[in-house]
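Notes to accompany the following structure.
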Number of protein chains: 2
Amino acid sequence: MEDFFPSFFPSELRQTCRIGPIRKGEQLFHLGDNVQAIYRVVAGEIRLVRYGADGGEILLHRAGAGEYFAEASLGAEYYHCTAICTAEGTLLTIPVKVFRTFLEGDSSFAFAWAMELAGNLRALRRRFERLSLKGASDRVLHYLLTEGAEETGEVHLPGSLKAWAAEMNLAHETLYRTLNDMEARGLIERQGQILRLLGNA
Amino acid sequence: MEDFFPSFFPSELRQTCRIGPIRKGEQLFHLGDNVQAIYRVVAGEIRLVRYGADGGEILLHRAGAGEYFAEASLGAEYYHCTAICTAEGTLLTIPVKVFRTFLEGDSSFAFAWAMELAGNLRALRRRFERLSLKGASDRVLHYLLTEGAEETGEVHLPGSLKAWAAEMNLAHETLYRTLNDMEARGLIERQGQILRLLGNA
DNA sequence: CGTCGCATTGATATCGCTCAAATCCGGTGG
DNA sequence: CCACCGGATTTGAGCGATATCAATGCGACG
């Protein structure tokens, strides 16, 4: 199944992977577990979370279709967070042991993987930069500018507004209000699940 | 000079690198420049920044001795931020072209590099998680827990308190007050440049 | 039809930011 | 040796933006 694997995966590696369904609420691993696999979301959604001292859930990452997660745990002994399925789907499970073997022996694979990691790093830096903005509207603007379509700043809302608010570390109420304000000011335009950036200021 | 290079760098690669001094205020590259090199700080400090619409400086990363920067730009065409030297030191410059060649041809090098990137990714995730905390004291606690020495939660303050505040996206005044509060409450202990976590709550 | 979760709006509280000012410290030049 | 200066540190006061609490409508789903 070509769709399940990135093109650069060697066929021998593909044979050791597992592909299976994930159900909402299922936990793939917990904070502290020994690292046994890295994953790629084929369909559905996985959230990587950690729990604060007060029991509050801290969202580290949301992985959607096509995205890896726990990929940074390759060199670690144990997982640094907990993975929970938040939307039913399909999951590709890649055993670390075999994965490491290929990384060490196949230079073109290792190269492709390094490119992949570099891309993830850049994406995370964007999110980091976004979080460092204080204003809610600044974050929305930044999202449209960095994650939106080239030039047009058009974005398909990733799921519910509530989930989007969580990804940007905003209370969902604040996001509602902010979007209303911005639309009222003519900064953005909303058409159902599509957000468009209007004036380029 | 063994100190300048990570141990896994092939000697042929080392020969194409440049080692030179950097002065405070010097800019290594700007947002939008074509990617020509990745860097490693031997001594001193480099900050990766980006400028907001209001002209405000957004700190993306602070790289100190031993750290790489722009390493995620390997697969990119142009730099996504600006690099400024904030403390005099020495810089290792690694041309991307040669670097790529080695990545593609030397699997053990590529593997080591992938490990390096994975580590960077984990470090950035920690910082990201920290930023997602709302309270100032939560951020300080998180810093001590994740960046501090194992168990003891002991930390050498990275430079000035002001710089530390910037790294945690806090106003420096807020950090001063928070540290005072925390010390008064017996949560932490300060001895000059050393912060120690006391009660493990 | 009842329930659950998302969307939306209102009211209030809180925490960190901003502006301001005083002190301290290291370095520099006379 | 001392006066001066810039930057870090510290403390104070007040504001504002966001979180929080609360209530309602709405659509999907069993």
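Residue numbering restarts at 1 for every chain, and letters A, B, ... go by the order of the sequence lines.
- Taking atom CG of residue B/L179 and atom C1' of nucleotide C/dG16, one finds them 14 Å apart after rounding to whole Å.
- Taking 4.0 Å as the cut-off between side-chain N and carboxylate O, A/R127 and A/E147 do not count as a salt-bridged pair.
- Here D/dG6 presents its P atom at 14 Å from NZ of B/K24, a figure rounded to the nearest Å.
- Of all nucleotides listed (D/dT9, C/dA7, D/dT18), C/dA7 comes nearest to the side chain of A/K162.
- By the 4.0 Å N-to-carboxylate-O rule, B/R23 lies too far from B/E45 to be salt-bridged with it.
- C/dT8 atom P lies 12 Å from atom CD of A/E173, rounded to whole Å.
- Between B/M168 atom CE and C/dC15 atom P the separation is 18 Å, expressed in whole Å.
- For the pair A/K134 and D/dG16, the criterion of a side-chain N or O lying under 4.0 Å from OP1 or OP2 is not met.
- Checked against C/dT8, C/dG10, C/dG16, the side chain of B/T174 finds its nearest nucleotide in C/dG16.
- Per the geometry, NE2 belonging to B/H172 stands 12 Å off P belonging to C/dC19, to the nearest Å.
- By the 4.0 Å N-to-carboxylate-O rule, A/E154 lies too far from A/R190 to be salt-bridged with it.
- Among the atoms of the strands shown, only primed sugar atoms or phosphate atoms (P, OP1, OP2) are found under 4.0 Å from some heavy atom of B/N169.
- For the OP1/OP2 pair of D/dA8 and a distance below 4.0 Å, the side-chain nitrogens and oxygens of B/S160 include no atom meeting the criterion.
- Between A/N180 and C/dT9 there is a side-chain N or O to OP1 or OP2 distance below 4.0 Å.
- Taking atom CH2 on A/W164 and atom C1' on C/dC6, their separation rounds to 16 Å, with Å as the unit.
- One cannot find a donor-acceptor pair under 3.5 Å joining the base of C/dG16 and the side-chain atoms of B/R139.
- The cationic group of A/R40 lies under 6.0 Å from the six-membered ring centre of A/Y68 and within 45° of the ring axis, placing it in a cation-pi geometry.
- Per the geometry, CG belonging to A/L161 stands 13 Å off C1' belonging to C/dG5, to the nearest Å.
- The phosphate of C/dA7 has OP1 or OP2 within less than 4.0 Å of a side-chain N or O from A/Y176.
- Rounded to a whole Å, the CZ atom of B/R177 is 14 Å from the P atom of C/dC19.
- Nucleic acid contact class of A/D138 (heavy atoms, under 4.0 Å, all strands): none.
- Residue A/A171 is in base contact, counting any heavy-atom pair closer than 4.0 Å across all strands shown.
- Using modelled atom types and a 3.5 Å distance limit, the side chains of A/N180 and A/T178 yield no donor-acceptor pair.
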